[in-house]
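Since the structure comes first, as structure tokens, the remarks are kept for the end.
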Amino acid sequence: MSDKKFILVVDDDPDLVESVAMKLESEQYRVEKAYDGVEALEKIKAEKPALLVLDVMMPRKNGYELCDELKKDPQYKDIIVVLLTAVADSVTSTSYTHMDGKTTLADDFIPKPIDLDKLLEIIKDNMEA
Amino acid sequence: MVENDKLRIGGIKYSGGIVQANLNYTASETDPGRLLFRLFTVQKINASMITHNTKGDEIYLSCCVSNNDRQKIEYPIEGYDTLKNRIWFREELGLLSIFPHKSRIHVLGYTLKAFSNVEIPVYAMATSISAITFVTRYQFMEKAVEALKSYFILPDHHTPFKPEFHVKQIQP
Amino acid sequence: METIAVYWESVIKTYGFQEACDLVLVNCDIREIGHLGEVLIDSQIESLKFALIQDIGSKMIFRCVVEQKAEAQVLEFFKDLEQTGIINGVNRQASVGLITFHGPHFGDRYGIAGAVYDALDGKINLIGAGFSGSVITLVMASREITDAKKLLSEAFEIPEYV
């Protein structure tokens with residue numbers, strides 16, 4: 001197994017996933033990608049990452065739901081979760097589940113868009129803490 | 001193609017029904033393209049994919065918009081001499097994206113070959129950081145995905161092909 | 001399909017601009033797109049920075065932007081292909097640059113393209129452009145990159161590194 005720290009990047013925007021992944025790989029992290037919460041959970045079960053960069057609004061399972069599941073599971077609660085939140089208001093008349101940031105157990109929150117160097121710094125800080 | 005030789009990709013996505021609005025003009029004109037995009041902004045029309053090519057003095061613009069937005073373009077352009085009778089439409093289209101390409105030109109090659117094998121037309125294509133996006137006939141979306149599986153492997157729990165929701169822009 | 005969230009920002013925010021200069025643009029017209037796919041599979045072309053296809057009715061344009069180090073290989077590939085009749089009209093343009101930028105939900109929002117074209121205001125000779133997914137890629141002469149970036153920075157916000 002590689003000595004490089006393993007990070008999973010999860011977002012339904014493939015271009016953002018690729019940008020973040022390329023940045024992290026250039027800093028010698030080992031990176032896997034997922035494009036929604038269900039796929040992310042399966043990848044986590046296959047190999048537990050040290051840190052998760054996690055979008056909120058995604059199909060099938062959103063970031064808040066996934067974070068909640070992980071933080072309540074003894075096997076995964078130590079995964080560092082960095083949530084990426086877009087500035088959008090929820091639509092109340094929808095079957096889609098909304099939770100808000102106050103109820104989530106994420107380790108850090110970053111509003112989109114973010115400078116990728118800043119994201120890298122936040123990830124390093126969280127990894128070292 | 002045997003499974004082991006297939007290329008691994010992260011996902012495939014396709015859109016809802018769209019129309020493609022096409023506009024050709026010369027560089028010496030006072031930018032009909034810019035006027036068209038201002039019209040889009042005023043009418044609150046999202047162009048989900050745009051390709052622009054300049055060859056010599058000729059400019060070729062194609063813009064994909066939702067089927068529902070076609071009338072919001074057609075009626076207003078009647079009021080502009082630089083746009084009236086110049087925009088031509090292709091209808092019943094959709095966008096299909098495959099990602100990540102990782103700058104591998106053979107991902108483009110396999111996709112074009114897959115489409116050609118089952119006679120799926122390509123009206124436009126553009127690469128982005130991660131994805132290659134094609135404009136093709138909406139009725140062929142599922143057929144296109146099946147054709148792509150001849151050359152590409154998706155993850156076991158890959159994200160759905162069709163969008164489940166969208167985010168809409170409003171003005172307060 | 002449901003709308004699950006609504007979005008508004010008075011200034012369009014991006015993840016920042018990326019630029020690349022001294023690239024090479026190769027153009028041709030496609031005559032047989034399926035056969036083009038086959039030969040691209042076998043090509044050893046690397047360093048693809050951007051590609052576009054556009055069916056303009058009378059013909060199908062293909063353009064790709066590659067790094068300078070790949071120029072000779074790419075040109076030889078396309079010239080050989082021209083002999084087969086799969087493509088025609090191969091030409092190249094050197095000293096080409098790209099500006100690429102993206103932002104949250106660019107693919108879902110109106111006004112983005114209008115902001116780009118208004119910002120450039122006819123002052124930049126745009127050779128090509130692709131607005132795809134959440135990404136905007138602009139192709140121009142390398143010498144125009146600095147001016148274009150300055151114009152775009154006035155219309156789009158780059159996140160602060162605090």
Side-chain angles (χ1 to χ4, degrees), chain B residues 16 22 24 27 30-31 33-34 37-38 40-41 43-55 60 62-63 88 97 99 101 103-106 108-117 121-134 163-172, chain C residues 1-8 27 32-43 45-57 60-64 100 102 104-105 107-118 120-122 125-135 137:
Chain B
N22 296 278
N24 303 344
T30 315
D31 215 343
R34 206 165 134 198
F37 290 126
R38 281 191 181 159
F40 280 10
T41 303
Q43 295 290 329
K44 299 188 173 69
I45 295 169
N46 171 42
S48 46
M49 178 162 162
I50 299 168
T51 51
H52 169 135
N53 278 292
T54 302
K55 285 192 90 176
Y60 304 99
S62 81
C63 314
W88 53 280
S97 297
F99 54 89
H101 58 72
S103 301
R104 297 172 291 178
I105 202 166
H106 47 280
L108 173 59
Y110 278 116
T111 309
L112 291 176
K113 184 163 161 50
F115 288 176
S116 170
N117 288 345
V122 171
Y123 298 114
M125 180 282 295
T127 58
S128 63
I129 295 168
S130 174
I132 306 178
T133 300
F134 298 85
E164 293 185 352
F165 61 78
H166 65 235
V167 174
K168 192 176 164 183
Q169 179 157 322
I170 59 163
Q171 192 160 359
Chain C
M1 189 164 57
E2 288 189 285
T3 301
I4 64 149
V6 292
Y7 202 101
W8 170 252
N27 305 286
E32 293 176 43
I33 196 165
H35 290 140
L36 175 63
E38 277 182 31
V39 294
L40 286 177
I41 290 166
D42 295 327
S43 79
I45 296 173
E46 295 175 352
S47 313
L48 178 69
K49 303 293 284 185
F50 178 59
L52 267 180
I53 289 174
Q54 191 173 350
D55 184 342
I56 61 170
M60 188 173 275
I61 299 170
F62 177 69
R63 312 184 106 176
C64 65
T100 303
H102 60 136
H105 301 293
D108 295 321
R109 297 160 56 191
Y110 63 84
I112 309 289
V116 171
Y117 281 81
D118 277 346
L120 298 180
D121 195 20
N125 182 18
L126 211 51
I127 299 169
F131 294 61
S132 169
S134 61
V135 176
T137 306

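Labels below follow one simple rule: chain letters A, B, ... track the order of the sequence lines, proteins then strands, and each chain is numbered from 1. Reckoned from all heavy atoms, side chains included, excluding hydrogens, waters and symmetry mates.
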Among Asn27(C), Asp55(C), Leu40(C), single out the residue with the greatest number of heavy-atom pairs under 4.5 Å to chain B. Asp55(C)

Between Ile33(C) and chain B, which part of the residue has a heavy atom less than 4.5 Å away: side chain, backbone, both or neither? both

Flag the one option from Gly114(C), Ser134(C), Ser47(C) with the top tally of heavy-atom pairs under 4.5 Å to chain B. Gly114(C)

Could you give the distance from NZ (Lys113(B)) to OG1 (Thr111(B)), rounded to the nearest 0.5 Å? 12.0 Å

Go through Ser43(C), Ala51(C), Gly34(C) and name the one with the most non-hydrogen pairs under 4.5 angstrom from chain B. Ala51(C)

Main chain of Asp31(B), side chain of Arg34(B): is a donor-acceptor contact present, judged purely on distance under 3.5 Å? no

Looking only at the side chains, is there a donor atom on one of Ser132(C) and Thr133(B) sitting less than 3.5 Å from an acceptor on the other? yes

Tell me which of these, Asn53(B), Leu112(B), Asn22(B), Ile129(B), has more heavy-atom pairs under 4.5 Å with chain C than the rest. Asn53(B)

May I ask you to name which of Ile50(B), Val122(B), Thr41(B) has the most heavy-atom pairs under 4.5 Å with chain C? Ile50(B)

When the aromatic ring centroids of Tyr110(C) and Phe40(B) are compared, is their separation below 6.0 Å? no

Aromatic ring pairing Tyr117(C)/Phe131(C), orientation class (parallel under 30°, perpendicular over 60°, tilted between): parallel

Which portion of Ile45(B) sits near chain C, non-hydrogen atoms under 4.5 angstrom: backbone

Is the backbone of Ile127(C) close enough, under 3.5 Å, to the side chain of Arg63(C) for a donor and an acceptor to pair up by distance? yes

Looking only at Ala27(B), Ala124(B), Ala47(B), Cys63(B), the option with the highest number of non-hydrogen pairs under 4.5 Å against chain C is Ala124(B)

For Asp121(C), is it the side chain, the backbone, both, or neither that has a heavy atom closer than 4.5 Å to a heavy atom of chain B? both

Assert top hit (heavy-atom pairs under 4.5 Å, partner chain C, pool Tyr123(B), Tyr110(B), Phe134(B), Phe115(B)) equals Tyr110(B)

When Pro121(B), Ala131(B), Ser103(B), Ala114(B) are compared by non-hydrogen pairs under 4.5 Å with chain C, the top option: Ser103(B)

Please determine, by modelled atom types, if Thr54(B) and His52(B) share a side-chain donor-acceptor pair under 3.5 angstrom. yes

Side chain of Arg38(B), backbone of Asp118(C): donor and acceptor closer than 3.5 Å? no

Measuring from Lys55(B):NZ to Gln54(C):CD, what's the distance to the nearest 0.5 Å? 10.5 Å

Between Ser62(B) and chain C, with a heavy-atom cut-off of 4.5 Å, which part of the residue counts as in contact: side chain, backbone, both or neither? both

Please classify the contact of Asn24(B) with chain C as side chain, backbone, both or neither, using a heavy-atom distance under 4.5 Å. side chain

